[in-house]
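Reckoned from all heavy atoms, side chains included, excluding hydrogens, waters and symmetry mates.
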Amino acid sequence: MMSPIYLTLTISILISLCSSNLFVCGTEWKPTWSTGAAEEAEAVAAIPCSGHGRAYLDGLVLNGHEPVCECNPCYSGSDCSNFSSHCAANAGDGDPYFLEPFWMRHAASSAVLVSGWHRMGYTYSDGSYISQLLVDHIKKLHEIVGNAVTDGRYIVFGGGSTQLFNAAVYAFSPNNNHSSSLNPAKVVATAPHFPVYRTQTELFNSRDYRYEGDTSLWKNNTDNNGTTFIEFVTSPNNPDGKLTKAVLEGPNVKTINDRAYYWPHFTPLPSPADDDLTTFTISKLTGHAGTRFGWAIIKDKGVYEKMLTYLELNTVGISREAQLRALKLLNVILEEGDRKEIFQFGYSTMRDRWSRLKQIISKSKRFSLQKLSPQYCTFFKRVRDPSPAYAWLKCEREEDKNCYEILKAAGINGHEGSMYSDDDRYVRLSLIRSQDDFDILINKFTVLVAKD
């Protein structure tokens with residue numbers, strides 16, 4: 001028979017184990033260590049900020065403990081309730097807040113709560129820096145959407161598309177070749193194009209590759225001395241939203257296909273992309289630009305291995321927290337209803353915004369927008385109207401040589417055409433920001449066109 005002292009000790013141990021953070025007793029599991037974190041997150045998310053801002057767990061705090069509202073542009077005050085009508089419309093930045101309402105509707109299924117000891121090591125259990133489960137989710141998503149071929153391809157992760165761009169340039173360049181400095185690869189793109197292709201290539205200033213301007217300069221000269229040409233192709237294009245193809249041809253031409261916007265909410269999908277190397281980013285898929293997560297789909301094993309080497313030496317892979325969040329977000333897309341919800345929401349929002357802006361600009365002879373036509377989309381299985389991420393606006397008057405300054409004077413901030421290696425008669429206007437930002441943009445243009 002067990003003595004009273006041992007019986008008491010045994011009961012005490014069992015009670016201790018059952019009440020600890022790591023054990024479950026009985027048939028019902030109850031949260032312990034996660035409760036406080038969950039309550040804190042919900043309390044901050046519940047702060048209304050008058051609907052014109054957000055409070056964040058990692059944001060500023062008042063009096064050491066009260067989260068402060070971070071207001072949308074043109075709104076101010078402790079609860080973001082003060083609107084300034086004299087404030088300029090922010091149509092320059094590409095923050096994809098237009099998808100924020102979708103994720104607020106899916107608050108429970110998209111939430112992630114991470115333990116303090118979550119994946120503290122450098123690698124996963126298989127020794128890699130890449131979550132195989134996330135790779136499987138990405139392949140499944142592309143198969144359902146029908147925007148990229150992944151069978152028999154390799155996938156690497158990067159810090160958004162941005163890191164992958166230079167990893168791809170590195171992989172395509174004649175690196176590890178001592179004579180490469182005598183004949184570096186020529187990096188080119190067709191204007192108008194995303195400025196990072198030029199600025200990033202120039203920043204790294206490598207002996208293996210150099211930025212050499214527009215593809216038009218080299219269209220009939222790609223066989224020159226065996227020089228490698230690396231062409232960036234964005235489809236749909238940033239800034240004008242048009243579906244594009246590579247310009248250069250030949251055995252020495254390598255193509256990096258940036259398909260950040262090749263999703264049903266921004267463009268019709270005529271067929272799955274079947275490229276040698278394609279990059280995607282979660283920022284334009286789910287709207288989570290701050291997560292800094294992107295992936296490349298690669299056909300050639302040698303190129304894949306060179307990109308892995310670059311990414312390992314550059315950042316030792318992508319953070320486990322970023323991969324976990326990406327996994328959770330993709331899981332929501334793949335598990336919700338008919339798997340079309342986010343794309344239907346995104347497309348409806350962007351189509352309506354484009355339609356509203358186009359209607360206003362059509363009343364003016366001073367301004368014009370890029371020409372986009374309805375096209376058949378294999379995802380929606382019907383002809384769909386245009387829904388570009390950006391408006392590529394042109395000032396038509398001969399005297400309006402700097403369209404950016406014309407719009408700035410009217411309280412509209414965009415990006416100059418020269419930023420995209422084009423004429424300053426053009427301005428890129430972001431349509432993917434918050435509803436507040438878009439409404440202010442529309443109001444400013446309504447006034448400007450009325451004056452015209």
K.L.:
Say whether, by atom type as modelled, one donor and one acceptor occur between the side chain of Arg325 and the main chain of His288 under 3.5 angstrom.
P.N.:
no

K.L.:
Is there a side-chain contact between Arg428 and Met419 in this structure, where contact means two heavy atoms from C-beta onward sitting under 4.5 Å apart?
P.N.:
no

K.L.:
Would a line drawn from the ring center of Tyr404 to the ring center of Tyr420 be shorter than 6.0 Å?
P.N.:
no

K.L.:
For the cysteines Cys49 and Cys71, is the SG separation below 2.5 Å?
P.N.:
no

K.L.:
Does Glu202 CD have over 12 foreign heavy atoms under 6.0 Å away?
P.N.:
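Enclosed.
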
K.L.:
More than 12 foreign heavy atoms under 6.0 Å from NZ of Lys408: is that the case here?
P.N.:
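At most 12 heavy atoms, drawn from other residues, nucleotides or ligands, come within 6.0 Å of this atom.
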
K.L.:
Which pair of non-hydrogen atoms, one from Arg433 and one from Asp93, has the smallest distance, and what is that distance?
P.N.:
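Shortest heavy-atom separation between Arg433 and Asp93 comes out as CD-O, 3.3 Å.
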
K.L.:
Which heavy-atom pair separates Gly94 from Ser430 by the least distance, and what is that distance?
P.N.:
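Residues Gly94 and Ser430, closest heavy atoms: CA-OG, 3.9 Å.
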
K.L.:
Is the ring centre of Tyr261 less than 6.0 Å from the ring centre of Phe194?
P.N.:
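No, the ring of Tyr261 stays outside the 6.0 Å limit from the ring of Phe194, centre to centre.
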
K.L.:
Working note: Asn257 + Thr255, criterion side-chain hydrogen bond (donor to acceptor under 3.5 Å, both in side chains); need CA distance, chi angles, decisive distance, verdict.
P.N.:
CA-CA 6 Å; Asn257 295 276; Thr255 305; 5.3 Å; no

K.L.:
Are more than 12 heavy atoms from other residues, nucleotides or ligands located less than 6.0 Å from atom CZ of Phe345?
P.N.:
yes

K.L.:
Closer than 3.5 angstrom, by distance alone: can the side chain of Ser348 be matched with the main-chain N or O of Gln344 as a donor-acceptor pair?
P.N.:
no

K.L.:
Where the side chain of Gln323 meets the backbone of Ile318, is there a donor-acceptor pair that is under 3.5 Å apart?
P.N.:
yes

K.L.:
Suppose we call two aromatic rings close when their centres sit under 6.0 Å apart. Are Phe232 and Phe165 close by that rule?
P.N.:
yes

K.L.:
Is it true that, when you exclude Asp439 itself, more than 12 heavy atoms of the residues, nucleotides or ligands shown sit nearer than 6.0 Å to its CG?
P.N.:
yes

K.L.:
So that I can tick it off, tell me whether Asp275 and Arg153 are bridged by a salt bridge, with the cut-off set at under 4.0 angstrom between side-chain N and carboxylate O.
P.N.:
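No, Arg153 and Asp275 are not salt-bridged.
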
K.L.:
Any donor-acceptor pair under 3.5 Å linking the side-chain atoms of Asn166 with those of Tyr310?
P.N.:
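A pair is found: one side chain offers a donor N or O, the other an acceptor, under 3.5 Å apart.
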
K.L.:
Within the supplied structure, the quantity of interest is the number of heavy atoms (other residues, nucleotides, ligands) at a distance under 6.0 Å from Glu249 CD; does it exceed 12?
P.N.:
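Incorrect, the count does not exceed 12.
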
K.L.:
Does the distance from Cys69 SG to Cys80 SG come in under 2.5 Å?
P.N.:
no

K.L.:
Out of Phe266, Tyr262, Trp263, Phe343, which one pairs with Phe379 under the ring-ring contact (aromatic ring centres under 6.0 Å, His included) rule?
P.N.:
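Option passing the ring-ring contact (aromatic ring centres under 6.0 Å, His included) with Phe379: Phe343.
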
K.L.:
Using the side chain to side chain contact (heavy atoms under 4.5 Å, CB included) rule, pick out the option among Leu285, Leu324, Leu334, Ile282 that qualifies with Leu329.
P.N.:
Ile282

K.L.:
Do the two ring centres, one from Tyr390 and one from His415, sit under 6.0 Å apart?
P.N.:
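No, the ring centres sit 6.0 Å or more apart.
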
K.L.:
Quick check, are the ring centers of Phe204 and Tyr170 under 6.0 angstrom apart?
P.N.:
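No, the ring of Phe204 stays outside the 6.0 Å limit from the ring of Tyr170, centre to centre.
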
K.L.:
Can you establish whether the number of heavy atoms outside Glu321 located under 6.0 Å from its atom CD is more than 12?
P.N.:
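Counting neighbours around CD of Glu321, more than 12 heavy atoms of other residues, nucleotides or ligands fall under 6.0 Å, so yes.
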
K.L.:
Whether the side chain of Thr234 engages the backbone of Asp258 through a donor-acceptor N/O pair (distance < 3.5 Å, no angle test) should be reported.
P.N.:
no

K.L.:
Looking at Glu231 and Ala246, would you say the former's side chain and the latter's main chain have a donor-acceptor pair under 3.5 Å?
P.N.:
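Not confirmed, Glu231 side chain does not pair with Ala246 backbone.
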
K.L.:
Of the options Trp295, Phe293, Tyr129, which is the one that meets Phe157 in a ring-ring contact (aromatic ring centres under 6.0 Å, His included)?
P.N.:
Phe293

K.L.:
Look at the side chain of Trp392 and the backbone N and O of Pro192, then say whether any donor-acceptor pair between them is shorter than 3.5 Å.
P.N.:
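No.
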
